Amino acid sequence: MDNSPGMMIQGLRAQPVIGSTDVNVMWEKPEESQSSSIYKVMRREVGAEGAKWTTVMQEKDIFTAVVSRLKPFTRYEFRVQVLGIVTGLGPMSEPVVAMTNPAAPGDPPTNVRVSSVTTDSITITWDPPTHTHSPLTSYHLFFDQEEQDDYVEAILTANTFSYTALYLFPNTEYRFQIYASTAAGDGPHSELLICSTRPSVAIATSSSSPSSSNCRSGCSSLHSLQKLTTMGRGGRKKQHLEHEEGVDAPRVNPFKLPTLDPALFIASPHDFDRNLFTVRKDILSMVVPCNECNTVVKALNGLLLNAPKLSPVAKRKEGDDPTTRTILLSPLKDVEELKESICKALDKKVVELETYTVSVDYDYWSADEILKAGLPQEFNEVTTSFEAVGHLAHMNLRDHQLPYKHFIGQVILDKNKHLKTVVNKLSNIDTTYRFFQMELIAGEDNFMCETKENGCVFQFDFSKVYWNSRLHTEHKRIINVVADKKKSGLNAMLLDMMAGVGPFSLPLAKRGISSYANDLNPLSYEAMVKNIAVNKIKKRVKPFNMDARDFVKFVTQNVIEEAKSTLSASNRKFPMYTDVTMNLPASSITFLDVFIGLFKDDTDRLLPLPEIHCHCFTNHDDMENDVVARVEEAMKGKIDKPFSFRVVRNVSPHKHMVCISFILPKAVAYNTIKDTSGKRNSTENGNSEDDSSSSPPKKPFTTTTV
């Protein structure tokens, strides 16, 4: 009999799918089933207080179901029940358990603050993100001086909640930013925290708390710290100050790398001898019983070894008494002064000191320290900054560094365990397809990258498409601008003229906002189509592979034609867009002429005009007026106020990437601009009445209809 009481679902199994919130539940059709049946799928969170079974799907003749909207990195139970159309409800299956995939943190580390400031160091403290979505694997902290070109990145363990930036310049302002990572990816950056080191002259203060220094937090980040500093070599002089009230004594690392012969490092990546970076130093020490260690360490505060990454408490050498420990003392103090201070602190008449050899090897040193020791001394700075794209690090080495490129690349690879490939940029960005030539300088020859940004997975060949991780914050800002329109009740939609692999369009689709996304590069288009499928947003993104002008004309003409038709809004394939992104900074402004007369066929003025977000470069002192003038010249019309202008990042000391956002002027959209003779101009830039924007593209193009 069909679905008899003793019959149960067979072969029930569940496994997570791409993403972090979905699980695929599968089962076999009961052998005894002779007619159609309805299958009810239920889920329950494992271990959650008060968790109840919830029906998530109930459909006819299905044998697989994707259960969505689950919590990342969480265990769930699933079970299935058969409802026979003839025989009624069958028994409940035994539950199966599956865990959703981990996700990147949902927010940045919290309560990021300055906890200590000296003349040459700043200590930053933070708390974990509120929503980690899975176990944290690391923290990434950046700091820089605003006017410098490079930055320092510290990769810290997940159980680290403070970091001290050392060897800073006195009376200098530094910027800090941090994000957390999980196995699934990186979380958002914290807001900028800005703080100044103390002046080198003693200041009469009663405390060394951060409130007495120039600290500012909660600053909105213009970009995700594009220029962070690596301390320059050569002219860098450390301040040596006597400890005075109100001024903390600086930490001085007693271990110093010797200057090495640069000729040793002009070779292939793996050929240099890492033993060259081993340093040994004899340090005074004293032996104490294990049970007295904590007491002695507290009593000798200020007299102990104070070196980065090293504990002042060391295990005894092999063969020594295992119930004792070695306390390492400061090598910066005079021996007799040290003995006198220890006797006083421990209330003893005599103390016995011995020599202990401390050895630090290649793993101890930072990339910056290793490169300073190995590269020629006449190099005024060392480049350790890079753009990380998944497993790949992209560097931009200067000409004088190229003979040592493999050494530099291998050090970066060694010191960043999440990296597998290091490349160096060889040329400027290709103006047509927006990618640059690169060379492998260390690691695997693998340019296929996967990275996560703003809730989406992006997969692409980094050598063939354009991607810039440093624009993460700008991407998020534009996404929020469009999303806020939806929150206010508008039917928000994006027209992405130079979409690349989709950093604007795909995250918007995750928020329920549709877009037309175009890129001229066929490989960018292919990657975008793939990423649309990977992120399961096919219904919300229409990808195109066209010239940007042809794309705008094609979409807009269809929008106008449907607006004039009797089609209901729900049946339109081309709804009106509210925003336009033009993220091709080198030439975006030159494409603005496509908007001249673009809406002239909308004779009844049925459509609202979009807001245009145009990214471009400027090297002018008066950046805003320079960009406004160039935009108005390209469109042959004035921008209506108010408009917004924003500096995105400083590309170089005299080159800035900016974004100007404005509503498309009516005079431009409907081509009612008057020339100097007072007549209407309908032939600007070759757009005559015969050259209608409704004409199909003259060259072949690719478009995917979803």
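Just so it is clear, the model here is predicted, and its values are computed rather than measured.
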Residues passing the side chain to side chain contact (heavy atoms under 4.5 Å, CB included) test with Arg605, sequence neighbours excluded, are Tyr670
- Query: What is the ring orientation for Tyr516 with Tyr577, classed by angle as parallel under 30°, tilted 30 to 60°, or perpendicular over 60°?
  - Reply: perpendicular
Kindly check if the number of other-residue, nucleotide or ligand heavy atoms within 6.0 Å of CG (Asp621) is above 12? no
Would you say Asp484 has more than 12 foreign heavy atoms packed within less than 6.0 Å of its CG? yes
With Tyr139 as partner, the option from Phe176, Tyr179, Tyr163, Trp126 fulfilling ring-ring contact (aromatic ring centres under 6.0 Å, His included) is Trp126
### Message
A quick test of your reading: do over 12 heavy atoms of other residues, nucleotides or ligands sit less than 6.0 Å from NZ of Lys666?
### Response
no
**Message:** Hydrogens and angles aside, do Ser515 and Asp496 bring a side-chain donor and acceptor to less than 3.5 Å of each other?
**Reply:** no
- [ ] Would you kindly say whether His131 and Asp107 are connected by a side-chain donor-acceptor distance under 3.5 Å?
- [x] yes
CA sep, side-chain torsions, deciding dist, call: His613, Ser661, side-chain hydrogen bond (donor to acceptor under 3.5 Å, both in side chains):
CA-CA 4 Å; His613 310 281; Ser661 299; 2.8 Å; yes
- Query: Any donor-acceptor pair under 3.5 Å linking the side chain of Asn468 with the backbone of Arg470?
  - Reply: yes
For Tyr76, the ring pair (Phe, Tyr, Trp, His ring centres under 6.0 Å) test, sequence neighbours excluded, returns none
- With distance as the sole test, does Lys464 use its side chain to make a donor-acceptor pair with the main-chain N or O of Asn521 at under 3.5 Å? no
Applied to residues 576-592, the salt bridge (charged side-chain N to carboxylate O under 4.0 Å, His left out) test, sequence neighbours excluded, yields Lys485-Asp579
**Request:** Check the side chains of Thr157 and Thr160 for a donor-acceptor pair under 3.5 angstrom, ignoring hydrogens and angles.
**Result:** yes
(Q) Tell me whether the count of non-hydrogen atoms from other residues, nucleotides or ligands lying under 6.0 Å of NZ in Lys71 goes above 12. (A) no
Would you sort out whether Cys616 and Val658 count as a side chain to side chain contact (heavy atoms under 4.5 Å, CB included), showing the intermediate values? CA-CA 6 Å; Cys616 60; Val658 301; 3.6 Å; yes
Note to self: Run the side chain to side chain contact (heavy atoms under 4.5 Å, CB included) test on His475 and Glu453 for me, step by step, so that the C-alpha distance in whole Å, both residues' side-chain angles and the decisive distance to 0.1 Å come before the verdict.
What the structure shows: CA-CA 9 Å; His475 294 157; Glu453 183 179 285; 2.6 Å; yes
Side chain to side chain contact (heavy atoms under 4.5 Å, CB included) between Ile478 and Leu494, worked out: CA-CA 10 Å; Ile478 295 293; Leu494 179 67; 5.6 Å; no
